[in-house]
Number of protein chains: 2
Amino acid sequence: MRNDGKKRNSGCPVTYGLDTFGDRWSLLVIRELLLRGKKTYGDFLAADEGISTNILADRLKHLEAEGIIVKSRDPDNRRSFTYSLTQKGRDLAPIILEIIIWSGMHDKRPHARRNVLKKINKDREGFEASLRSPQD
Amino acid sequence: MRNDGKKRNSGCPVTYGLDTFGDRWSLLVIRELLLRGKKTYGDFLAADEGISTNILADRLKHLEAEGIIVKSRDPDNRRSFTYSLTQKGRDLAPIILEIIIWSGMHDKRPHARRNVLKKINKDREGFEASLRSPQD
DNA sequence: GATATAACTTGTATTTTGCAAGTGATTATT
DNA sequence: AATAATCACTTGCAAAATACAAGTTATATC
């Protein structure tokens with residue numbers, strides 16, 4: 001997997017974070033769930049960044065094992081599954097928002113996107129609270 | 001390297017963050033610089049997590065190329081080099097602090113360390129400001 | 001019953017990582 | 001002055017992780 005099983009066990013909170021959600025693909029799945037209303041395996045596969053299918057399966061398993069997401073059957077379509085964030089997962093919102101703020105400050109590329117940043121600037125408290133509370 | 005050169009170019013701020021500092025070893029180097037007063041190649045190698053030497057060299061090069069750190073000669077010891085954070089690097093402080101806060105909430109391991117968390121709880125504004133301002 | 005869809009799994013080539021050992025430029029020791 | 005340490009890497013190779021293509025299973029639709 002990535003670094004599963006044997007956490008470095010240093011007790012460091014930064015390391016704990018890195019071990020549970022801190023790899024590129026895990027964070028992108030969390031972004032899709034938190035910011036883009038995406039829910040299914042197919043949704044995640046279709047994200048711009050192009051995650052490969054075996055890695056996605058691996059990361060979903062990992063995030064579920066860590067209690068960041070839960071998997072459930074879609075009641076309307078029994079061949080589809082729905083992933084959603086737990087409270088532990090939604091509590092990652094401030095981290096994602098800080099990353100967006102940081103990029104807003106330092107990403108000088110002309111095509112840098114700022115739609116979420118605008119929401120944060122307009123009403124961070126409210127926006128963050130909405131992300132952290134159950135069912136959007 | 002990790003994902004150098006061709007950024008996915010999606011324009012997404014989360015992706016930009018992941019591409020510039022978002023891998024395990026980069027973040028640990030930043031932690032050492034920001035929170036632990038470590039400065040040299042040898043310091044980073046000695047960190048608990050055990051980064052290997054070729055990966056460390058690679059990450060330092062990458063972080064320098066991204067403008068997160070700068071390398072300079074140690075004036076006191078001419079065979080040693082000193083790494084330090086740029087403003088862009090110090091601006092990562094809020095992200096690191098949010099990771100620490102998140103881990104403080106959700107890391108249930110008995111040996112989870114909370115010394116930095118205590119500082120944050122005591123005076124987040126002041127602590128964060130001290131991390132973000134030049135020369136500690 | 002045949003075809004399609006959603007969510008994976010499997011196989012394999014490529015890339016990245018980890019580990020051990022080696023190099024070059026100082027600096028300290030005998 | 002020669003010898004040994006130290007510091008910051010680099011190199012070579014085995015092991016692990018990743019990307020890509022193709023295949024499988026369980027529904028669902030025609």
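Each chain gets a letter, A, B and so on, in the order its sequence line appears, and its residues count up from 1.
Each end of the helix from C:dG1-D:dC30 to C:dT30-D:dA1 yields a helix axis from five base pairs, and these two axes differ in direction by 0° (to the nearest 10 degrees).
One N or O on the side chain of A:Arg73 and one on the backbone of A:Arg78 form a donor-acceptor pair closer than 3.5 Å.
Note: CG (B:Asp43) to C1' (D:dA8) measures 12 Å, nearest angstrom. The separation between B:Phe44 atom CZ and D:dC9 atom C1' is 14 Å, rounded to whole Å. The interatomic distance linking A:Tyr83 (OH) with C:dA7 (C1') rounds to 8 Å, in whole Å. One atom, CZ of B:Phe81, and another, P of D:dT6, lie 19 Å apart when rounded to the nearest Å. Rounded to an integer number of Å, the gap from CG of B:Asp23 to P of D:dA17 is 15 Å. Whole-Å rounding puts the B:Leu56 CG to D:dA8 C1' distance at 10 Å. Atom-to-atom, CD1 of A:Ile69 to C1' of C:dA7 comes out at 14 Å; the value is rounded to the nearest Å. The interatomic distance linking A:Asp58 (CG) with D:dT18 (C1') rounds to 10 Å, in whole Å.
Cation-pi check for A:Lys71 over A:Tyr83 is not met; the charged atom does not lie both under 6.0 angstrom from the ring centroid and within 45 degrees of its normal.
The list of side-chain hydrogen bond (donor to acceptor under 3.5 Å, both in side chains) pairs with a residue in residues 33-42 of chain A, not counting sequence neighbours, reads A:Glu32-A:Arg36, A:Thr40-A:Asp43, A:Tyr41-A:Thr53.
Of the N and O atoms on the side chains of B:Thr15 and A:Arg31, at least one donor lies less than 3.5 Å from an acceptor on the other residue.
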Which pairs of donor and acceptor atoms, one on a side chain in residues 89-104 of chain B, lie under 3.5 Å apart (sequence neighbours left out)?
from: B:Arg90; atom 1: NE; to: B:Arg132; atom 2: O; distance (Å): 3.2
from: B:Arg90; atom 1: NH1; to: B:Leu85; atom 2: O; distance (Å): 3.0
from: B:Arg90; atom 1: NH2; to: B:Gln87; atom 2: OE1; distance (Å): 2.8
from: B:Asp91; atom 1: OD1; to: B:Gln87; atom 2: NE2; distance (Å): 3.0
from: B:Asp91; atom 1: OD1; to: B:Arg132; atom 2: NE; distance (Å): 3.2
from: B:Asp91; atom 1: OD1; to: B:Arg132; atom 2: NH2; distance (Å): 3.2
from: B:Asp91; atom 1: OD2; to: A:His106; atom 2: NE2; distance (Å): 2.8
from: B:Glu98; atom 1: OE2; to: B:Arg124; atom 2: NH1; distance (Å): 2.9
from: B:Trp102; atom 1: NE1; to: A:Lys88; atom 2: O; distance (Å): 3.0
from: B:Ser103; atom 1: OG; to: A:Pro13; atom 2: O; distance (Å): 2.8
from: B:Ser103; atom 1: OG; to: B:Ile99; atom 2: O; distance (Å): 3.2

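Listed pair B:Thr40 / D:dC7 fails the phosphate criterion, with no side-chain N or O lying under 4.0 Å from OP1 or OP2. Between B:Lys61 and D:dA8 there is no side-chain N or O to OP1 or OP2 distance below 4.0 Å. The side chain of B:Trp25 contributes no N or O atom lying less than 4.0 Å from OP1 or OP2 of C:dT16. OP1 and OP2 of D:dC7 both lie 4.0 Å or more from every side-chain N or O belonging to B:Lys71.
Residue B:Tyr41 is classed as a base contact, given a heavy-atom separation below 4.0 Å to a base.
Looking at heavy atoms from C-beta onward, B:Trp25 lies out of side-chain contact with B:Asp58 at the 4.5 angstrom threshold. Looking at B:Val29 and B:Ser26, their side chains never come closer than 4.5 Å, going by heavy atoms from C-beta outward.
For A:Asn77, the side chain to side chain contact (heavy atoms under 4.5 Å, CB included) criterion is met by A:Asp74, A:Arg79, A:Ser80, not counting sequence neighbours. Taking A:Ser52 as the reference, A:Asn54, A:Ile55 meet the side chain to side chain contact (heavy atoms under 4.5 Å, CB included) condition, with sequence neighbours excluded.
Looking at the side chain of A:Ile55, the nearest of the listed nucleotides D:dA8, C:dA7, D:dA19 is D:dA19.
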* **Under 4.0 Å protein heavy-atom contact, by nucleotide of nucleotides 20-29 of chain D - B base, S sugar-phosphate only** => BB-----BS-
